[in-house]
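Heads up, the thing below is written out as structure tokens.
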Number of protein chains: 2
Amino acid sequence: MTPAPAPAYVPAPPPHVRILVCDDHTVVRAGLLALLGSAPDIEVVGEAGTGEEAVALAAKLTPDVALMDLQLGPGIDGVEATRRISATGVRVLVLTTYDTDADITRAIEAGATGYLLKAERPEELFAAIHAAAQGRTTLSPPVASRVMAQMRSPRPTLTDRERDILGQLAHGLGNREIARALFISEATVKTHLGRIYDKLGVDTRAGAVAVAKEQRLLP
Amino acid sequence: MTPAPAPAYVPAPPPHVRILVCDDHTVVRAGLLALLGSAPDIEVVGEAGTGEEAVALAAKLTPDVALMDLQLGPGIDGVEATRRISATGVRVLVLTTYDTDADITRAIEAGATGYLLKAERPEELFAAIHAAAQGRTTLSPPVASRVMAQMRSPRPTLTDRERDILGQLAHGLGNREIARALFISEATVKTHLGRIYDKLGVDTRAGAVAVAKEQRLLP
DNA sequence: CCGGGGGTCGGCCGATCGGTTGATGCGGGG
DNA sequence: CCCCGCATCAACCGATCGGCCGACCCCCGG
């Protein structure tokens with residue numbers, strides 16, 4: 001893990017961290033730039049307003065850490081950007097508003113090094129950036145709690161097909177309509193629905209839609 | 001409209017604006033402070049992380065403009081804070097992420113002077129703050145569009161009772177259960193449901209829940 | 001080679017839903 | 001004073017849903 005043998009007792013040779021800021025909200029991004037500019041050991045080397053920009057800039061600038069919002073308007077979303085950027089070896093520190101189970105799980109699976117909420121204190125953000133630069137992970141307390149809870153009782157994992165049915169269901173379609181929309185028989189729709197109810201812990205279509213919207217299981 | 005007759009050709013006597021920043025996300029708030037601090041004609045006289053704080057500080061500091069996020073964790077929400085602050089004569093400029101019809105309508109009804117999205121460019125924010133200080137309203141383009149659209153085709157206005165039924169429906173309850181929960185007969189539930197379907201333009205429970213969640217018609 | 005998970009079907013049946021029509025009471029605005 | 005919107009309830013009926021049984025196929029991994 002230590003490619004170059006460090007001389008004795010030099011805890012952090014380069015306390016200087018180069019970061020890339022990605023947030024689709026211009027005001028927020030400008031705010032972050034102004035805020036991070038006040039930290040002498042942090043240098044913002046680039047900023048992106050979309051996932052595509054972030055991926056391109058991360059590859060070009062190879063920052064120590066990419067600060068990534070999960071919510072990124074149109075184009076590829078924060079999760080996908082996180083996946084691609086972290087695949088290149090650049091650490092990704094997620095900084096977002098959402099503490100939903102689904103978002104957290106997907107971000108972690110995508111390779112995020114840390115997951116911070118925007119409600120966090122700025123000092124925590126600074127600390128997390130340095131931590132991420134060294135590969136250490138930082139989680140906001142609420143996020144940590146949810147991660148723990150999730151380990152204990154894993155989230156309902158819907159299959160692709162089940163998500164298809166759920167998507168149609170959320171449009172208020174009946175079984176026959178769903179069947180026609182997906183080119184399958186009505187019986188198959190009912191079979192899938194039954195399993196969806198099981199996994200979501202409900203027993204009605206309306207309940208399934210409510211849970212799906214609640215846990216952001218649909219696009 | 002011009003209480004004191006201004007001497008000829010002095011467009012804006014005090015270009016200095018005192019503002020109060022309210023946002024529950026500490027990082028964002030710190031970012032805004034850093035950003036606004038870079039504008040010489042804007043002075044941040046206070047910051048709040050909750051609606052209660054914002055209301056209290058607005059009364060105490062009487063800023064020219066209160067910059068208000070709609071999403072404010074626990075306690076009173078941004079809409080209610082907007083209502084109370086603007087009732088005291090302080091201009092409220094909403095600065096938020098959401099451009100949902102429901103949010104926009106409620107904020108405007110609560111007395112917001114302007115409605116800006118966080119995706120806006122910082123210069124627009126500065127301009128909007130000065131505009132708000134003079135009582136002029138600024139709307140982000142997407143917001144303006146939605147407002148116009150809303151004027152043309154008014155949103156489905158559900159009665160209180162219909163919202164009650166819809167709330168139960170979103171929990172996946174059946175008609176009988178809804179009836180018992182609200183102490184009415186099953187026939188009444190069906191009557192209300194029929195009207196809800198009409199207003200939301202759907203014809204199934206699942207569809208109603210989807211639309212309700214989509215347009216944030218429920219808490 | 002056999003097991004199992006995912007996807008696809010069919011049939012059955014009771015319970016529920018959605019639509020309709022009609023009726024009552026109550027409150028506010030013209 | 002009368003009308004209208006809102007909430008309440010009733011009875012009816014066809015369509016749909018939800019749960020249950022069993023069945024077949026394909027693919028992957030042990």
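So you know, we letter chains A, B, ... as the sequences are listed, proteins then strands, and number each from 1.
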*Quick one: R195(A) CZ to dG6(C) P, roughly how many Å, whole number?*
8 Å

*Taking only side-chain nitrogens and oxygens of S185(A), does any of them come within less than 4.0 Å of OP1 or OP2 of dT8(C)?*
no

*asked:* What I'd like to find out is whether the side chain of L169(A) reaches to under 4.5 Å of the side chain of I196(A), using heavy atoms alone.
replied: no

*May I ask you to list the residues of residues 161-171 of chain A, by number, that have any heavy atom positioned under 4.0 Å from an atom of DNA chain C?*
R161(A)

*Rounding to a whole Å, what distance do you find between I184(A):CD1 and dG6(C):C1'?*
13 Å

_Please report the interatomic distance CZ(F126(B)) to CD(E120(B)), rounded to the nearest 0.5 Å._
12.5 Å

*side chain to side chain donor-acceptor pair (under 3.5 Å) partners of T88(A), counting only residues at least two apart*: none

*Just how far, in rounded Å, is P of dG5(D) from CG of D160(B)?*
17 Å

*Could you give the distance from CE (M68(A)) to CG (D77(A)), rounded to the nearest 0.5 Å?*
10.0 Å

*Output yes when D69(B) and K118(B) qualify as a salt bridge under the 4.0 Å nitrogen-oxygen rule, no when they do not.*
yes

*Side chains of V27(A) and L116(B): does their closest heavy-atom pair fall under 4.5 Å?*
no

_Distance in angstrom units between L182(A) CG and dG7(C) C1', rounded_ = 12 Å

_Check D164(B) with R161(B), please: is the shortest side-chain N to carboxylate O separation under 4.0 Å?_
yes

*How does protein contact run along nucleotides 13-26 of chain D, one letter per nucleotide 5' to 3', with B for base contact, S for sugar-phosphate only, - for none, heavy atoms under 4.0 Å?*
---SSBB-------

*Got T204(B) and E177(A) here, is their nearest side-chain heavy-atom distance under 4.5 Å?*
no

*To the nearest Å, give me how far apart NE2 (H192(B)) and P (dC17(C)) are.*
16 Å

*Are OP1 or OP2 of dG7(C) and a side-chain N or O of T159(A) less than 4.0 angstrom apart?*
yes

